[in-house]
Number of protein chains: 2
Amino acid sequence: MISRKPRPDSEGERRGKRPTINDIARLAQVSKKTVSRVINDSPFVREETREKISAIIKELGFAPDPQARGLAFRRSFLIGMIYDNPTPQYVVNMQQGILDAMKGTSFELVIRPCNRQDPHFLADMRAFVERQKLFGVVLPPSVSEDERLIQVLDEIDCPYVRIASIALDEPDAMVVTHDHVGGMEAARHLTRLGHTRIAHISGPTLFRSAHERRRGFTQGLAEAGLKLPKEFDREAAYTFESGVEAAAALLALKPRPTAIFCGNDEMAAGVYKAARDAGLSIPGDVSVVGFDDSAMASRLYPLLTSVKLPIHDMGEMAAAKLIARTRERRAHVQEKTEVVPELVARESSAAPKG
Amino acid sequence: MISRKPRPDSEGERRGKRPTINDIARLAQVSKKTVSRVINDSPFVREETREKISAIIKELGFAPDPQARGLAFRRSFLIGMIYDNPTPQYVVNMQQGILDAMKGTSFELVIRPCNRQDPHFLADMRAFVERQKLFGVVLPPSVSEDERLIQVLDEIDCPYVRIASIALDEPDAMVVTHDHVGGMEAARHLTRLGHTRIAHISGPTLFRSAHERRRGFTQGLAEAGLKLPKEFDREAAYTFESGVEAAAALLALKPRPTAIFCGNDEMAAGVYKAARDAGLSIPGDVSVVGFDDSAMASRLYPLLTSVKLPIHDMGEMAAAKLIARTRERRAHVQEKTEVVPELVARESSAAPKG
DNA sequence: CTCATCAAGGTAACCGGTGTCATGTACTGT
DNA sequence: ACAGTACATGACACCGGTTACCTTGATGAG
């Protein structure tokens, strides 16, 4: 129960002290440079020597000091995640994905939420990345869309991988999420159910994701010969409240839509509320489709049909691309780069009445 | 749209290169050691000298390299957050709190989810903390309750702050969350509404939080002369599914409880489902109170009454304690250490029928 | 007036690795 | 048998700071 217990007196030996590269070198009777070569997989080490050194390293549980190594490399072993996405589920899943990609490597994840509106935004990010000499950064939307930030990162020569709904960059600096396919799937799902009066509540269209989801959606409607009339096309803010408001307006129209596709689950939850307020039932009077397939989707009643993006995998892929830059110097350049959303049908969507 | 733009040829000057302590020393015509003294607020620098150096530092926008500094200090400027809490909202809020405490300092946050069941758990954590020479770690529940981990941290002499529902350690290594007060508030709320048959679904009681919430709850019931009968006292797993199951059992009892207090919101959502399945209305037939006040609480219908813990502030306080260790060598030792949950009454709790 | 004391700052080694280049060996080819 | 080359390794400076220790001039006590 005591926080800082006195440490037992250390006996003469290097008790408690982690071994250094010098210790290894001494034991292996080689220079520390050779040990360094083994650590860094240099090809210029005799197999025999390598094995001897490796054995000692393993035995002593030696691991090089990332700070010292970083200092010499002029680059740290930290990967940053810079984000402004307010959805906790999204953030946590992506973090986990990145961490999974780093598993077994000596990289660590440093996180950095930010606000693109802040006047210090660019200066802060520059200072952060430059000071920490980040090995690379993962940029989920919407920071991935900020060209000013990209310019800063290019200037200070910091590798990055952008996660976005369209290809904004070279393949090895991108994970493309094809949000428009998700929109299309939503449209297909609803038209197949027989809906014809279908509305959309999009996120702020200055977010590419919102734009792409909407684009795919209208495209999907077009496949069935349908259009998205102006009065059925509302832009909201990706928030619950804005969803309530937009949905209330839609549900007051005559004739009202029999289905609503929302740019995310938060706004879909807003539709639930607006529908209750208007005395309408889901999916009896209106079908609802969300986007994200967040935890909420399976807690709401009725269970929300939603489009799911493999956020964890996106993070993992992005980090893997970053890590690949050293591992095998641009070896298999074209790792998997694209991800496609999938519709998860639940209870909130059904054929329209009559 | 190109990821790695060629950098403009650097002119003779140190274009693009960050200044080092040597640059500052040269310009100020002092030794680098004196610059170092200024950086570290050593008292042995003449005011005049200090000002001259500070001015140059500011002008050049110099910031010492954390790796080099860390290497010499034998300690990094990274603060770790080790967690196993699966609730994204919780994780993100706490992260944000920690980051807010670090704002303006040169610390960065490294996150590390873990699984206490994993056989490598302790070894992994030791390697992580020791390799990175973490400045300190923040331990939210339930890792904060793991005495083996604490022992490891003590051994490698890594400072930590534990966030837990009871005082497990010295005040400067703790943030105490008094979960039992939350349980008590829930009990008071329900008894005041007139309920007498009140049930509880707790989290796994090997989690202190679950145990404390339950303890406070029974204590609150006792204040009103009530007991928690055995059949009204269920232990579940903090998950939605386990909540459904436990609630179904409770609602099948005769007479059934008129109110259920849940150890978290996830399980409360489970009660909603079980109630619907049983054809019971909330709060008409059963009142429900959750714990966490997660985002879900205000998306569910009816809005969930829940007990709220200031998670962001807990993270902030914990990190502040860590940082205070250097800032002003154990100056005001007794920073604020305790936090009290608050009940947020919404629609899911009302007076019992009749 | 001398010596101890202290503030203010400098010097050099060091933290734990890596880069550069020199050196020594063992094969090649002729 | 001998230069030429490729491989394997070591010596040493360096990354950008800090610690430990030393010097210097000024001040005060005896």
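Computation of the quantities below employed the complete heavy-atom set of this structure, encompassing side-chain atoms and omitting hydrogens, waters and symmetry-equivalent molecules. Chain naming here is simple, since letters A, B, ... match the order of the sequence lines and numbering starts at 1 in each.
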*Report yes if at least one side-chain N or O of B:T49 is closer than 4.0 Å to OP1 or OP2 of C:dA8; otherwise report no.*
no

*Would you classify B:S31 as touching base, sugar-phosphate or nothing, given that sugar-phosphate means primed atoms plus P, OP1 and OP2, and contacts are heavy atoms under 4.0 Å?*
base

*Can you list the steps and then say if B:V91 with B:Y83 is a side chain to side chain contact (heavy atoms under 4.5 Å, CB included)?*
CA-CA 8 Å; B:V91 172; B:Y83 66 93; 3.6 Å; yes

_Where DNA chain C forms stems, i.e. three or more consecutive Watson-Crick or G-U pairs with both distances under 3.5 Å_ = C:1-30 with D:1-30

_B:M174 and B:V161: CA distance, side-chain angles, deciding distance, side chain to side chain contact (heavy atoms under 4.5 Å, CB included) verdict_ = CA-CA 5 Å; B:M174 280 296 308; B:V161 174; 5.7 Å; no

_I want to check one thing: is the phosphate of D:dC7, taken as OP1 and OP2, less than 4.0 Å away from some side-chain N or O of A:R46?_
no

*Could you give the CZ-to-C1' distance, from B:R75 to D:dG17, as a whole number of Å?*
17 Å

_Nearest-Å distance for atom pair CZ/P, residues B:R26 and C:dG9_ = 19 Å

_Gap between atom CG of A:L134 and atom CE of A:M81 - 0.5 Å precision_ = 13.5 Å

_Heavy-atom side-chain contact between B:F121 and B:D146 under 4.5 Å_ = yes

_A:T20 and A:K32: CA distance, side-chain angles, deciding distance, side chain to side chain contact (heavy atoms under 4.5 Å, CB included) verdict_ = CA-CA 10 Å; A:T20 73; A:K32 62 186 208 176; over 6 Å; no

*Nearest-Å distance for atom pair CZ/P, residues B:F44 and D:dT23*: 19 Å

*Could you tell me whether the side chain of B:R50 reaches within less than 4.5 Å of the side chain of B:R37, counting heavy atoms only?*
no

*asked:* Distance check needed: D:dT9 C1' versus A:E47 CD, whole Å only.
replied: 16 Å

*Trace of the side-chain hydrogen bond (donor to acceptor under 3.5 Å, both in side chains) decision for B:D84 with B:S142*: CA-CA 7 Å; B:D84 63 350; B:S142 68; 2.8 Å; yes

_Geometric cation-pi criterion B:R112 and B:F128, 6.0 Å radius, 45° cone_ = yes

*Quick one: what's the B/S/- string for nucleotides 16-27 of chain C, heavy-atom cutoff under 4.0 Å, read 5' to 3'?*
BBBBB-------

